[in-house]
> 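Pasting a structure here, questions to come.
Indexing begins at 1, ligand by ligand and atom by atom, following the structure's order. Sequence positions, counted from 1, serve as the residue numbers for this chain.
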Amino acid sequence: MHLVRERLLKGTSLKSTIIGVIPNTRDPEHDTDDLPTLHKIGTAGIAVQVVGSNWPKPHYTLLITGLCRFSVSSLLKERPFVLAEVKQLDQLERYTTPQRDATATDDGELGELSEKFYQAAVQLLGMLDMSVPVVAKFRRLLDSLPRETLPDVVASMIRTSNKEKLQVLDALSLEERFKKALPMLTRQIEGLKLLQKTRKTSPDNEKRVLVRKGTVFPGRQFNLDEEDEDDDGDDTAALERKVHGANMPEAALKICLKELKRLKKMPQSMPEYALTRNYLDLMVELPWSKSTKDCLDIRAARTLLDNDHYAMNKLKRRVLEYLAVRQLKTSLKGPILCFVGPPGVGKTSVGRSIARTLGREFHRIALGGVCDQSDIRGHRRTYVGSMPGRIINGLKTVGVNNPVFLLDEVDKLGKSLQGDPAAALLEVLDPEQNHGFTDHYLNVAFDLSQVLFIATANTTATIPPALLDRMEVLEVPGYTQEEKVEIAHRHLIPNQLEQHGLTPQQLHIPQSTTPDIISRYTREAGVRSLERKIGAICRAVAVKVAEGHTLTKTETLTPENSKQHGDKAAPPELPIVIDHIALKDILGPPVFEMEVSERLTLPGVALGLAWTPLGGEIMFVEASRMEGEGQLTLTGQLGDVMKESAHLAISWLRANAKTYQLTNMVGGSDPLEGTDIHLHFPAGAVTKDGPSAGVTIVTCLASLFSGRLVRSDVAMTGEITLRGLVLPVGGIKDKVLAAHRAGVKRVILPKRNEKDLEELPANVRANLDFITATNLDEVLNASFDGGFPGVSSTRAHPQLTSKL
Ligand code: ADP
């Protein structure tokens with residue numbers, strides 16, 4: 001490796017470097033040195049080609065033309081590569097300028113020997129199949145090569161042991177060389193004869209190719225090998241047939257045929273052979289013109305979507321519209337649907353249903369963390385280990401050119417020096433361009449226009465704008481408790497039972513237990529961990545059922561042994577009903593308690609609502625004060641916007657302290673005087689940012705300064721201004737659902753968000769009391785029992801009408 005790197009790859013031309021090649025005579029049993037003892041004779045050669053590869057481990061493959069023998073006189077150094085003083089043993093001129101006449105007239109034993117050897121070689125060739133290019137090449141070489149080189153050439157090609165090869169190498173006089181090599185050649189001929197005799201009995205094999213493909217001198221060795229049948233010739237022929245049968249467009253076919261031609265000329269051991277071969281294999285496998293037939297029946301599609309999914313009506317309606325338009329106009333170049341919502345709300349599963357209603361193949365491409373455009377578009381084939389991108393790979397997997405591709409998590413696309421994957425994706429999704437999508441690896445256009453793309457994301461905020469522009473965003477909000485119960489009983493429980501090999505006769509989860517699983521063991525917008533919990537129950541029950549089985553099989557229950565084994569021995573009565581006690585037994589103590597009311601028992605705590613890509617969440621804000629110099633401490637991983645909200649809140653409260661009779665620790669009217677304030681947002685590991693905690697911070701501090709408790713069943717959201725106005729915020733639907741999940745009764749939100757309430761399920765709206773506020777006064781009044789009266793209720797709040 002050192003030699004190649006430092007000498008061969010550094011020089012301007014490979015031809016200028018002659019290297020010595022010495023056979024490895026190391027005996028693995030005895031020599032433990034990492035440098036094998038060097039054989040005293042080797043071959044000098046010119047490296048004509050160096051190919052490097054990294055796989056499976058770093059290595060180089062050299063193509064070397066041998067020149068002459070040399071012997072090692074003395075070793076000069078061993079590292080980094082072996083350097084030795086050598087003596088040339090063969091005369092080069094004799095080889096390079098054939099002096100046929102001289103040899104021919106060279107009568108005596110040598111002439112005879114060489115003639116004999118030549119004849120034997122001719123005989124050997126006669127027995128081989130001349131249609132094999134390698135054999136033909138050998139035949140040509142045989143006549144044009146100087147006779148003296150024949151022993152070397154032939155010995156390297158016929159089947160000999162290493163030891164025999166060394167004997168030929170070590171034979172310095174020409175005469176000896178002929179003498180050593182001739183018996184090997186004759187032996188090979190005899191062997192072949194024998195083989196052909198036996199083959200005669202099975203006429204099919206008569207014309208069997210008996211030569212392994214490889215380069216013939218000058219170059220490296222190849223073996224004549226009787227047993228190791230090589231059907232490479234058939235193989236490329238089969239590949240060629242496949243190329244013609246793959247129904248690919250003109251341009252692709254042309255490239256394939258060109259590559260095929262190159263492949264035929266390449267020795268199999270060359271690394272490039274495998275590369276070209278892989279490429280061609282992929283090309284013939286791609287579904288250039290294979291497609292499934294769409295079978296779209298809107299009515300059936302509706303039933304199917306309804307059967308697969310509970311709720312999500314808005315989404316289902318839009319999907320049906322989309323499908324209907326497709327049916328009317330088959331070549332729809334419509335927008336790409338993008339489902340946006342928290343995890344586990346069924347985005348992937350709807351995508352799968354769409355494929356099913358259309359009768360198309362489905363393939364999911366996970367984009368999370370993809371930050372290299374070659375992930376999408378492939379590597380150029382010049383790279384070692386290059387591969388096609390995920391799009392082409394997906395097409396190969398599904399085997400048709402009109403599948404449904406679900407681009408999962410487009411919001412998690414990364415960016416790096418290797419180019420922007422979003423740009424590559426744009427090309428894929430653009431109906432104007434994607435009929436000529438060119439993967440770098442394929443290097444020829446593949447028509448993607450028949451592929452139906454659907455994308456999913458948790459949030460639109462991080463989807464690259466250009467990409468977002470191509471897509472129609474369909475929001476998939478989280479589920480309410482009631483919806484989850486329905487989903488559990490209609491879909492999740494039956495599915496899980498089936499997956500665990502259980503039947504409803506063995507396991508029953510009553511309607512009264514599911515709400516408990518949902519509220520005490522999961523806290524999520526979707527239903528994924530609910531599904532996992534149900535899975536856990538199924539596993540536990542499966543054990544019990546299996547135990548019952550083995551017992552009834554192996555022992556008959558007599559009164560005695562049932563007593564002996566205690567209750568355990570009795571097979572469980574079926575079905576096993578999961579009640580509250582069983583639930584606690586299987587899932588352990590509840591993970592989430594209804595903590596809201598418990599935590600709001602001190603002044604200085606308020607409940608806010610936050611939006612995260614994983615759905616809405618309730619968020620506590622805690623405040624405490626101590627003697628100090630009016631400092632504000634904020635903890636809980638806050639972003640800048642959040643910190644600003646805190647400062648705004650304090651400023652507003654200071655400005656209005658008199659009105660609300662707020663006091664500092666010593667009873668003064670400036671809440672900050674002689675007082676330090678600490679605001680904390682628990683769940684410190686999660687970074688929080690955004691303006692919507694404004695009203696919560698104000699309420700929390702107002703509670704702290706006034707010593708009054710915030711109502712235990714109220715949660716709120718809204719941005720504030722310095723003048724005490726409440727501005728609208730985003731994510732209302734998810735936030736309200738979170739409040740509902742947490743058992744909150746009253747939600748305070750900005751007046752201008754009132755319209756968002758229409759999107760909420762009716763039962764949520766019925767269960768909650770919504771207070772819409774335009775200013776902080778209204779917020780405070782709604783947050784405390786009995787209101788939060790200021791000194792003068794006539795205090796005029798400036799009603800701003802002008803817009804700046
Ligand atoms: P996402 O892709 O949104 O993260 P999945 O599609 O993987 O979520 O859904 C998670 C699981 O929840 C799946 O087993 C799916 O069948 C189930 N599921 C989600 N929503 C519903 C629904 N409305 N009706 C029935 N099953 C649902």
Side-chain angles (χ1 to χ4, degrees), residues 301-320 336-357 362-369 404-413 453-460 462-463 471 473-500 509 511 514-515 517-518 521-539 611-616 733-734 737-738 741 759-761 763-764:
R302 170 169 304 163
T303 344
L304 209 140
L305 273 176
D306 276 338
N307 284 348
D308 282 0
H309 299 96
Y310 179 76
M312 35 176 46
N313 291 327
K314 198 168 144 196
L315 179 75
K316 281 193 269 194
R317 184 153 31 112
R318 181 61 188 98
V319 167
L320 280 177
I336 314 275
L337 295 183
C338 178
F339 303 147
V340 177
V345 292
K347 300 182 296 293
T348 315
S349 145
V350 169
R352 197 166 275 143
S353 286
I354 292 179
R356 221 144 48 93
T357 56
F362 177 82
H363 184 72
R364 177 173 162 268
I365 299 176
L367 294 175
V404 172
F405 271 170
L406 185 88
L407 304 170
D408 219 358
E409 310 203 300
V410 275
D411 55 331
K412 310 256 178 355
L413 275 181
F453 289 101
I454 298 174
T456 79
N458 289 143
T459 165
T460 50
T462 49
I463 302 179
M471 303 193 287
V473 171
L474 296 184
E475 304 252 358
V476 195
Y479 298 116
T480 62
Q481 170 114 350
E482 287 73 18
E483 284 171 338
K484 285 188 191 174
V485 172
E486 284 300 321
I487 293 173
H489 283 277
R490 286 171 197 233
H491 300 281
L492 304 181
I493 296 179
N495 284 350
Q496 289 296 318
L497 282 181
E498 196 191 312
Q499 276 181 26
H500 289 83
I509 304 180
Q511 288 265 5
T514 1
I517 310 180
I518 294 166
Y521 293 92
T522 70
R523 179 154 292 172
E524 56 173 355
V527 291
R528 197 167 287 159
S529 55
L530 175 61
E531 191 175 26
R532 272 201 291 273
K533 294 291 170 199
I534 294 173
I537 295 174
C538 288
R539 281 195 299 279
W611 182 88
T612 74
L614 310 184
K733 191 165 39 173
D734 284 316
L737 287 178
R741 273 203 295 280
E759 291 180 22
L760 288 166
N763 69 317
V764 173

> Could you tell me which non-hydrogen atom of L530 sits nearest to which non-hydrogen atom of I517, and how far apart they are?
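Scanning both residues, the minimum pair turns out to be CD1-CG2, 3.9 Å.
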> For R318, does the CZ atom sit with more than 12 other heavy atoms under 6.0 Å from it, leaving out its own atoms?
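For R318, atom CZ is crowded (more than 12 foreign heavy atoms under 6.0 Å).
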> Determine whether the side chain, the backbone, both or neither of D308 has a heavy atom under 4.0 Å from any heavy atom of ligand 1.
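The part of D308 near ligand 1 is the backbone, not the side chain.
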> Heavy-atom distance under 4.5 Å between the side chains of F339 and V319, does that happen here?
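Side-chain contact under 4.5 Å: yes.
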> List the closest protein heavy-atom neighbour of atom 7 (O) of ligand 1: residue, atom name, distance to the nearest 0.1 Å.
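The answer is R528 NH2, 3.1 Å.
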> Could you tell me whether D308 and R356 make a salt bridge, using a distance below 4.0 angstrom between a side-chain N and a carboxylate O?
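R356 and D308: salt-bridged.
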> So, is V527 polar-close to ligand 1, with some N/O to N/O distance under 3.5 Å?
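The answer is no, given that V527 and ligand 1 share no N or O pair closer than 3.5 Å.
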> P343 heavy atoms, cut-off 4.0 Å: which ligand 1 atoms fall inside?
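Counting atoms of ligand 1 from 1, those under 4.0 Å from P343 are 4 (O).
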> Tell me: protein heavy atom nearest atom 20 (N) of ligand 1, and distance?
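Scanning the protein heavy atoms, the shortest distance from atom 20 (N) of ligand 1 goes to Y479 OH, 3.0 Å.
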> Are side-chain heavy atoms of P343 and N458 found at a separation under 4.5 Å?
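In short, these two side chains touch, coming nearer than 4.5 Å.
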> Of all the atoms in ligand 1, which lie at a distance below 4.0 Å from a heavy atom belonging to V345?
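Checking each atom against V345, I get 3 (O), 8 (O), 19 (C), 20 (N).
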> Could you identify the single nearest non-hydrogen protein atom to atom 16 (O) of ligand 1 and state the distance to 0.1 Å?
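The closest one turns out to be S349 OG, 3.6 Å.
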> What residue and atom, counting heavy atoms only, is the protein's closest point to atom 11 (C) of ligand 1, and at what distance?
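Answer, as residue, atom name and distance: E531 OE1, 3.4 Å.
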> Can you tell me the protein heavy atom closest to atom 24 (N) of ligand 1 and the distance?
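The closest heavy atom on the protein side is Y310 N, 3.0 Å.
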> Decide yes or no for T462 and K412: does some side-chain heavy atom of the first lie under 4.5 Å from some side-chain heavy atom of the second?
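Not touching, per the 4.5 Å side-chain cut-off.
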> When you compare the side chain of H491 with that of V527, does any pair of heavy atoms fall below 4.5 Å?
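No - every pair of side-chain heavy atoms lies 4.5 Å or more apart.
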> Looking only at protein heavy atoms, which one is nearest to atom 2 (O) of ligand 1, and how far off is it?
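In this structure, atom 2 (O) of ligand 1 has T348 OG1, 2.3 Å as its nearest protein heavy atom.
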> Measure across A488 and T514 and return the closest heavy-atom pair with its distance rounded to 0.1 Å.
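Of all heavy-atom pairs spanning A488 and T514, the closest is CB-CG2, 3.8 Å.
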> Which is it for H491 and ligand 1 at heavy atoms under 4.0 Å: side chain, backbone, both or neither?
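Under 4.0 Å from ligand 1, H491 contributes side-chain atoms alone.
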> Kindly indicate whether the side chain of T460, heavy atoms from C-beta on, has any atom under 4.5 Å from the side chain of D411.
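In short, these two side chains do not touch, never coming nearer than 4.5 Å.
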> Quick check on G526 - does any of its heavy atoms sit under 4.0 Å from an atom of ligand 1?
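Under 4.0 Å: no for G526.
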> Does atom CD (E759) have a neighbourhood of more than 12 heavy atoms from anything else shown, all under 6.0 Å?
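Above 12, so yes.
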> Please write down residue, atom name and distance for the protein heavy atom closest to atom 27 (C) of ligand 1.
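Protein heavy atom with the smallest distance to atom 27 (C) of ligand 1: I487 CG2, 4.0 Å.
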> Against heavy atoms of G346, which atoms of ligand 1 measure under 4.0 Å?
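Those qualifying, in numeric order: 1 (P), 3 (O), 5 (P), 6 (O), 8 (O), 9 (O), 19 (C), 20 (N).
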> Checking contacts here: is it the side chain or the backbone of R490 that comes within 4.0 Å of ligand 1, counting heavy atoms only? Could be both or neither.
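It is neither part, as no heavy atom is under 4.0 Å.
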